[in-house]
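Reviewing the structure listed below.
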There are 2 protein chains.
Amino acid sequence: MKNIDWDIYRCFMTVARGGGLTGAAQATGLSPATIGRRMLELEEHTGRALFIRSQTGYALTADGRLLFEQLQEMEAAARKVESWQQESEGNTIVRIAAGTWGSWLIAENFPAICTERDSFGISLSIGEARASLAYRESDIGIRAFEPEETYLASRLIGEVAYAAYRQKNAAGGTERWVAVSEDEARSAYLRWPHDKASARIVATVTRPRSLLDLARAGAGKAVLPCFVGDLDPQLERAGEEIDGLRHRQWIVMNNEDRHRRDIRTVVDRMTRLFRSHVDLFAGKRPRRNAI
Amino acid sequence: MKNIDWDIYRCFMTVARGGGLTGAAQATGLSPATIGRRMLELEEHTGRALFIRSQTGYALTADGRLLFEQLQEMEAAARKVESWQQESEGNTIVRIAAGTWGSWLIAENFPAICTERDSFGISLSIGEARASLAYRESDIGIRAFEPEETYLASRLIGEVAYAAYRQKNAAGGTERWVAVSEDEARSAYLRWPHDKASARIVATVTRPRSLLDLARAGAGKAVLPCFVGDLDPQLERAGEEIDGLRHRQWIVMNNEDRHRRDIRTVVDRMTRLFRSHVDLFAGKRPRRNAI
DNA sequence: TCGATGTTTTTCATGAGTGAAAAACATATG
DNA sequence: CATATGTTTTTCACTCATGAAAAACATCGA
């Protein structure tokens with residue numbers, strides 16, 4: 001039972017994520033050949049088949065997924081070390097995980113979060129999947145559901161409301177809808193068009209962000225958070241707030257990281273930014289061109 | 001900021017534990033030269049001095065200790081993976097951490113814990129330091145203080161009493177004591193001779209286990225747990241139970257590991273073994289030659 | 001003071017692990 | 001059905017990390 005090279009674990013994770021040798025190769029800088037050999041070594045060591053190899057890439061077996069789960073913890077520990085290292089170098093990175101529209105707001109107001117004079121950088125990872133801070137993939141997250149994990153600290157930001165929007169003064173075809181494709185529609189507001197007006201959907205996209213562009217271009221009506229729709233001078237509401245979609249919103253962070261200066265300041269600034277938009281979030285009629 | 005080879009972290013841990021390159025070399029199977037080079041690489045990567053190098057070995061700096069702390073988490077995760085691997089191979093190892101006398105009892109009754117027919121092995125790590133299950137260095141521990149960590153499951157075993165013992169029918173010199181050297185005396189019962197009879201100590205040893213041998217040989221009186229002294233046919237009590245040393249005792253295990261079959265059975269057997277000695281632990285007069 | 005011993009560090013030849021490129025192989029695409 | 005594209009896998013030089021041995025260096029004991 002000789003010990004295996006820990007770096008093979010790291011390799012495994014990039015293969016699992018990259019979906020194959022080539023993906024992992026360019027992620028790590030190693031050659032596909034080397035990585036392939038290492039994965040063979042790992043499989044031999046564990047005595048289990050970890051991958052289903054095919055011409056389209058490497059897919060995880062059940063055992064592979066199990067290993068993946070376990071190694072996430074190891075990654076979390078490694079990340080902790082990495083961030084400790086960066087601390088001394090002065091240039092730290094604060095990783096924020098947010099949904100499409102939270103990220104949008106942050107991006108629009110980036111100077112309010114991070115300026116030239118700050119010594120830290122921002123990494124903004126955008127996705128609809130619920131932000132998992134468990135393995136420290138991110139430092140700060142924006143959530144639409146109440147955080148229950150004990151290791152998380154959270155700040156309630158307020159409520160966010162939704163409504164349908166269309167191009168201002170749109171000509172006709174008011175019953176045309178645009179939506180996110182059904183299998184990508186994870187959040188309630190994304191599923192709404194499918195539930196309520198599926199026959200009228202004239203275009204689907206794979207990323208929610210494109211809904212805004214489509215609506216603006218007059219392609220049809222889209223369900224958007226009010227703070228997005230109301231802020232856009234080219235859009236107008238097509239109906240009242242959609243009840244049942246309204247939900248609360250939290251900023252969450254890992255409890256252990258509260259001491260990190262850079263994270264604290266980013267959280268504080270994010271809180272200020274979001275709190276200043278609290279009326280917009282809630283759908284209260286805004287003054288135009290607010291940003 | 002390129003990523004560092006995870007295996008260097010593992011290397012670092014063995015150096016930190018081994019106290020230098022040679023120690024780590026024979027622990028890992030690598031050569032001192034290689035390990036030395038890797039540690040240089042690590043220091044360069046972190047940008048911090050991790051070691052104080054001298055002709056007597058490598059000592060950790062403050063930063064080194066900090067890194068060590070952090071990497072323990074990584075080790076814990078790796079251990080988890082390792083044990084998962086072993087699961088499939090059938091030959092698992094259950095790691096028990098116990099004090100000198102707990103270990104002694106287990107060793108004396110080893111067949112009650114693990115027989116030929118069991119597919120698992122036992123690793124018994126002996127030490128006075130409080131068993132840390134936090135980083136999964138062990139699966140099961142024996143403790144003399146109430147477990148408060150939420151991630152631990154525990155079973156109360158009963159109380160353990162202490163008394164002074166001497167060779168049976170010892171000739172004279174009844175006021176000679178043997179003890180553990182003062183700076184090794186961590187537990188209360190080990191400190192007792194220093195506190196109460198320091199002038200009379202004629203011999204000190206570095207390991208508590210040797211107290212039994214010394215007392216048996218007639219070197220002097222020793223403070224021992226009653227279940228040890230009373231079980232030894234060559235010893236007799238030199239006085240009543242020493243009040244104030246009596247304490248309770250727990251078997252603890254990691255909560256997440258309760259599902260592991262091998263760990264369950266070992267815990268169950270240990271519980272049975274210890275519970276069957278509960279009167280002896282408590283110092284109630286035993287029948288001779290009990291084991 | 002002077003070896004003896006145990007360190008780390010350096011030197012240098014060697015081979016194990018590596019990458020570039022080719023081969024083998026599926027799958028998508030027209 | 002042939003072609004194009006993107007995989008994995010194999011092949012084969014070659015480099016770079018490695019280990020044995022020597023050197024350099026402290027510390028301990030006599």
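These numbers were taken from a predicted model, which means no experiment stands behind them.
Between the CZ atom of A:Arg53 and the C1' atom of D:dT7 there is a distance of 13 Å, given to the nearest Å. For B:Ile35 and C:dT7, the CD1 to P distance is 13 Å, given to the nearest whole Å. B:Gln26 has its CD atom 12 Å from the C1' atom of C:dG6, to the nearest Å. Counting to the nearest Å, the P atom of C:dT7 and the CD atom of B:Gln55 are 11 Å from each other. Here the P atom of nucleotide D:dA20 and the CG atom of B:Leu21 are 15 Å apart, to the nearest Å. A straight line from CG of B:Leu40 to C1' of C:dT10 spans 12 Å, rounded to a whole angstrom. Counting to the nearest Å, the C1' atom of D:dA17 and the CG atom of B:Asp7 are 13 Å from each other. Going from atom CZ of A:Arg37 over to atom P of C:dA20 covers 12 Å, rounded to whole Å.
Looking at A:Ser31, its side chain does come within 3.5 Å of a backbone N or O of A:Thr34 through a donor-acceptor pair. Looking at B:His194, its side chain does come within 3.5 Å of a backbone N or O of B:Val180 through a donor-acceptor pair. Side chain of A:Ser103 to main chain of A:Ile126: no donor-acceptor pair is present (N/O by atom type, distance under 3.5 Å, no hydrogens or angles).
Residue order along DNA chain C, read from the 5' end via each residue's closest nucleotide, puts B:Ala33 first among B:Ala33 and A:Ala33. Mapping A:Thr56 and A:Pro32 onto DNA chain C by nearest heavy atom places A:Pro32 at the nucleotide closer to the 5' end.
Counting only heavy atoms from C-beta on, A:Leu30 has its side chain closest to C:dG19 among D:dG19, C:dT7, C:dG19.
Pairing each heavy atom of B:Trp6 with each of A:Ala78, the nearest pair is CZ2-CB, 3.6 Å.
Nucleic acid contact class of A:Gly20 (heavy atoms, under 4.0 Å, all strands): sugar-phosphate only.
In this model, the phosphate group of D:dG6 is not approached by any side-chain N or O of A:Tyr58 to a distance below 4.0 Å at OP1 or OP2. For A:Thr34 and C:dG19, the shortest distance from a side-chain N or O to OP1 or OP2 is below 4.0 Å. For A:Thr22 and D:dT8, the shortest distance from a side-chain N or O to OP1 or OP2 is below 4.0 Å.
With contacts defined as side-chain heavy-atom distances shorter than 4.5 Å, the pair A:Met13/A:Tyr9 does not qualify.
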